[in-house]
Amino acid sequence: MFIIECPYCGKRDQNEFSYGGEAHIARPTNSDIQDDETWADYVFLRSNTKGVFAERWMHAAGCRKWFNALRNTASDKILAIYKQGEQPPQIAGEDLATPAGEPVIGSGNDATKVLQPGTAGVVK
Amino acid sequence: MVRLVARASFPKSVLVAVGQVVVYAEFCRIMELPGTERRSVRASKEITVSRTGKAASAENAPHTHQIRHLGSAASQSGKTAARRPFSWRMGPASSHHLVSVPRVPHCPHFTWVFAMKRYSIGSLIREGLRGHTGWEQAWRQVETPKASYDAVIIGGGGHGTATAYYLAKEHGMRNIAVVEKGWIGGGNAGRNTTIIRSNYLNDASAAIYQHAMDLWTTLGRELNYNIMMSHRGVLNLAHDDGEARALKRRVEANRLNGIDAAWLDAKEVQEFCPIVNIDPDIRYPVLGGTLQKVGGVNRHDAVVWGYARAASALGVDIIQNCEVTDIRTEAGAVVGIETTRGSIRTPKVASVAAGHSSVIAKMVDVKLPIESHPLQALVSEPIKPLNPCVVMSNAVHVYCSQSDKGELVIGAGIDPQISYTQRGGFDVIEHQLAALIELFPIVSRLRMLRQWGGIVDVCPDASALITKTKVKGFYVNGGWGTGGWKATPGSGHVFADLVANDEPNEIAAPFALDRFYSGKLVAEHGAAAVAH
């Protein structure tokens with residue numbers, strides 16, 4: 001469970017928020033002339049990023065405003081909060097312990113951590 | 001008798017061995033008894049043509065599993081006819097043609113490429129007498145992959161090892177490998193609550209889950225590995241009139257598909273599972289429920305190990321601690337993979353990576369309609385047997401069974417956010433325990449022993465993806481969401497068929513990626529007791 005800092009109300013428990021999924025997905029314009037690929041991409045296909053991910057939250061039990069967050073989905077660390085309509089801020093990436101992006105803490109799969117090239121046998 | 005034996009001053013090891021034989025025999029009894037019952041609950045008895053259009057002979061007829069669907073595929077011979085698209089539709093049984101898929105024989109005596117000792121009462125007695133010093137490794141340890149394989153399966157869970165086994169056994173592809181970044185069975189295969197059922201609403205889902213159910217009933221014997229399959233029955237409870245109507249509709253739909261299903265009123269629910277609280281004055285009273293008697297639970301790692309052992313015996317390399325870092329393509333076709341244990345050349349890559357499906361697919365620029373969420377489960381301290389079946393409830397949202405060790409195994413809903421951390425919020429398990437003691441007041445003072453999370457890959461229509469992709473030789477089996485375990489053998493079986501033939505069979509076809517472009521979804525959200 002997260003502590004999320006609403007840009008309007010401050011830090012609150014995750015229970016107060018609704019999740020809105022991936023952010024910055026624009027509805028196709030000229031919808032009458034778009035093909036099935038465009039609609040499938042808009043409606044169903046998602047990046048499902050492992051790593052730094054822009055997502056939407058809504059402070060349902062507070063100000064009921066939508067806003068965006070940058071969170072590392074491999075570690076659940078919230079890296080930045082920004083308002084709707086703004087572009088995601090530039091942030092420095094985190095150190096990851098394996099090629100597929102397992103973080104040092106939080107992946108739950110310790111067996112993978114010793115396999116980073118050059119760190120055999122070392123769990124940070 | 002034991003005393004007599006003891007007086008005769010037999011070596012202690014003889015007694016130990018005899019005891020183990022008794023225990024083993026009991027396991028066999030538990031495992032095999034339901035298999036005979038299963039024959040009677042199947043509604044369809046017709047002998048049909050096989051998927052490939054060949055007429056079923058008397059010899060293989062008992063090994064065919066029948067799926068009814070409307071269409072003429074079954075009456076036309078030839079692979080292409082049987083594989084063309086068709087529409088699933090409900091209707092009276094007589095209006096259906098039957099299409100069957102090859103059914104795995106009960107006790108196949110296939111030739112194992114690598115001689116492995118079969119597990120049997122004889123081997124148990126022998127090992128009991130010599131202090132268990134002669135057991136060999138269950139599967140071959142392969143530290144370094146070969147330079148090339150005919151196919152590589154990414155992910156050594158239940159579905160991955162099952163895919164490898166059926167590829168080797170039914171399609172003769174023995175120069176293949178399973179690569180697993182951790183240890184086999186350590187992902188969702190080792191984290192689920194092992195509930196087996198097939199009572200799904202839509203015909204396409206019913207077909208694949210019933211296919212899996214038919215394989216489950218004899219899997220222990222087939223793999224020569226005790227998967228501790230227990231057909232103890234699965235209850236789905238209804239707590240309001242709308243839900244009761246939906247569940248009754250599902251019972252009827254199941255029966256039309258030849259799937260074991262029954263509606264029980266509240267009293268019958270309590271007779272089947274005496275610890276359910278059916279007091280009408282609670283917040284969410286139990287109005288009744290559906291029962292699938294053939295449903296149940298089994299042993300998760302035994303399934304993975306059994307598949308791995310059988311696949312390994314057929315020549316499949318199981319490579320653990322081997323993480324795929326990239327997939328190489330040339331001219332839109334797969335040519336190999338990069339791993340932490342070196343490069344492998346292969347024309348076919350089959351991703352069975354569950355929560356990490358999108359990560360693997362991204363290596364070949366394929367975008368999937370999958371979102372990965374944490375799903376938690378927990379077990380209580382072990383107690384004496386009190387829950388004789390599996391109880392599921394969507395309205396109060398918990399599902400619960402009791403393991404052979406006596407722990408209550410409890411699962412519920414996913415965390416809302418996308419995450420790969422294999423851990424979820426405490427509020428989610430707090431909610432599911434509140435639901436648990438609403439249903440079973442008797443366990444209100446039970447302590448929880450441990451809790452864990454897995455990453456489930458959820459599709460927008462809550463149905464799986466078994467699909468080719470735009471990249472030639474790259475196949476995806478994923479999107480099983482919160483309910484993939486029950487499908488393990490069926491999923492592996494039809495996915496192996498897809499990987500071997502590059503075309504889906506009838507059971508797999510509705511689960512292709514193109515359904516998200518055509519709009520022909522297999523919508524199971526809420527329809528089949530799939531709760532997210």
Side-chain angles (χ1 to χ4, degrees), chain A residues 1-4 13-23 35-51 53-58 60 69 71-78 96-103 105-117 120, chain B residues 180-183 186-187 191 320-326 338-341 353 355-363 366-374 415-428 430-431 452-455 457-461 513-519 521:
Chain A
M1 194 169 9
F2 309 145
I3 303 291
I4 299 173
D13 189 287
Q14 186 188 345
N15 271 338
E16 295 188 13
F17 296 87
S18 294
Y19 189 62
E22 188 172 343
D35 57 9
D36 288 350
E37 275 69 35
T38 311
W39 282 116
D41 192 61
Y42 168 68
V43 178
F44 295 121
L45 303 190
R46 293 292 178 263
S47 70
N48 198 21
T49 306
K50 182 174 187 177
F53 179 63
E55 63 189 6
R56 302 184 303 152
W57 290 92
M58 196 261 277
R71 182 170 55 90
N72 185 341
T73 58
S75 66
D76 275 351
K77 191 172 172 188
I78 296 174
L96 298 170
T98 70
E102 303 286 354
I105 296 169
S107 76
N109 195 349
D110 292 323
T112 66
K113 293 172 190 165
V114 299
L115 285 170
Q116 187 189 15
Chain B
E180 163 58 49
K181 74 173 178 179
W183 54 91
R191 293 161 190 271
Q320 303 186 93
N321 293 317
C322 180
E323 182 173 333
V324 174
T325 56
D326 201 9
E338 300 294 331
T339 76
T340 50
R341 289 177 184 259
H356 280 70
S357 294
S358 303
V359 176
I360 299 293
K362 200 172 281 180
M363 294 175 184
V366 170
K367 206 170 171 187
L368 299 176
I370 285 176
E371 291 189 309
S372 298
H373 296 269
D415 277 51
Q417 74 277 3
I418 290 170
S419 177
Y420 288 84
T421 56
Q422 295 186 323
R423 58 171 187 237
F426 189 73
D427 55 326
V428 177
E430 194 176 13
H431 175 78
W452 63 90
I455 301 301
D457 39 338
V458 181
C459 269
D461 60 353
L513 184 58
D514 60 18
R515 74 178 189 267
F516 295 99
Y517 297 89
S518 69
L521 305 180

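Since we're looking at a predicted model, the values are computed, not measured. Chain naming here is simple, since letters A, B, ... match the order of the sequence lines and numbering starts at 1 in each.
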Undergrad: Rounded at 0.5 Å granularity, tell me how far OG1 in B/T421 sits from NZ in A/K77.
TA: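 Atom-to-atom, B/T421:OG1 and A/K77:NZ are 14.5 Å apart.
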Undergrad: Find the distance between CG (A/N15) and CD (B/E430) and round it off to the nearest 0.5 Å.
TA: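 If I round to the nearest 0.5 Å, the distance is 8.0 Å.
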Undergrad: CG/B/D415 to OH/A/Y19 distance, rounded to the nearest 0.5 angstrom?
TA: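 Rounded to the nearest 0.5 Å, the CG-OH separation comes out at 11.0 Å.
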Undergrad: Is B/S358 close to A/R46 at the side-chain level, that is, under 4.5 Å between some pair of heavy atoms?
TA: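 Side chain of A/R46 against side chain of B/S358, heavy atoms only: no contact under 4.5 Å found.
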Undergrad: Provide the closest heavy-atom pair for B/L521 versus A/F44 in the form atom of the first, atom of the second, distance.
TA: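 Taking B/L521 first and A/F44 second, the nearest heavy atoms are CD1-CZ, 3.8 Å.
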Undergrad: Measure distances from B/P460 to the heavy atoms of chain A and classify the residue's part below 4.5 Å as side chain, backbone, both or neither.
TA: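 For B/P460, the side chain is the part near chain A, not the backbone.
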Undergrad: Calculate, to the nearest 0.5 Å, the distance between atoms CG and CG belonging to A/D36 and B/D514 respectively.
TA: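 Nearest 0.5 Å value for the CG-CG distance: 11.0 Å.
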Undergrad: For the OG1 atom of A/T49 and the NZ atom of B/K362, what is their distance to the nearest 0.5 Å?
TA: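 Here the rounded value is 4.0 Å.
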Undergrad: Sequence neighbours left out, what passes ring-ring contact (aromatic ring centres under 6.0 Å, His included) with A/F53? Give chain and number order.
TA: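 Scan of A/F53 (ring-ring contact (aromatic ring centres under 6.0 Å, His included), adjacent residues dropped) gives none.
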Undergrad: Shortest non-hydrogen contact from B/K367 to A/S47?
TA: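 Heavy atoms of B/K367 and A/S47 come nearest at CE-N, 3.9 Å.
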Undergrad: Provide the closest heavy-atom pair for B/P416 versus A/Q14 in the form atom of the first, atom of the second, distance.
TA: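 What the structure gives for the nearest pair is CG-NE2, 3.9 Å.
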Undergrad: I'd like to check A/D35 versus B/Y517 (side-chain heavy atoms, cut-off strictly below 4.5 Å). Are they in contact?
TA: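 A side-chain contact under 4.5 Å is absent here.
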Undergrad: State the CG-NE2 distance between A/N48 and B/H373, to the nearest 0.5 angstrom.
TA: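 Answer rounded to 0.5 Å: 7.5 Å.
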Undergrad: Donor-acceptor pair, distance only, cut-off 3.5 Å: does the side chain of A/R71 make one with the backbone of B/S419?
TA: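 No; judged by distance alone, with no hydrogens or angles, the pair does not exist.
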Undergrad: My understanding is that only residues two or more places apart in sequence, or in another chain, count here; which of them pass salt bridge (charged side-chain N to carboxylate O under 4.0 Å, His left out) with A/E22?
TA: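 Residues passing salt bridge (charged side-chain N to carboxylate O under 4.0 Å, His left out) with A/E22: none at all.
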Undergrad: So for B/L368, is it side chain, backbone, both, or neither that comes closer than 4.5 Å to the heavy atoms of chain A?
TA: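 B/L368 touches chain A through backbone heavy atoms alone.
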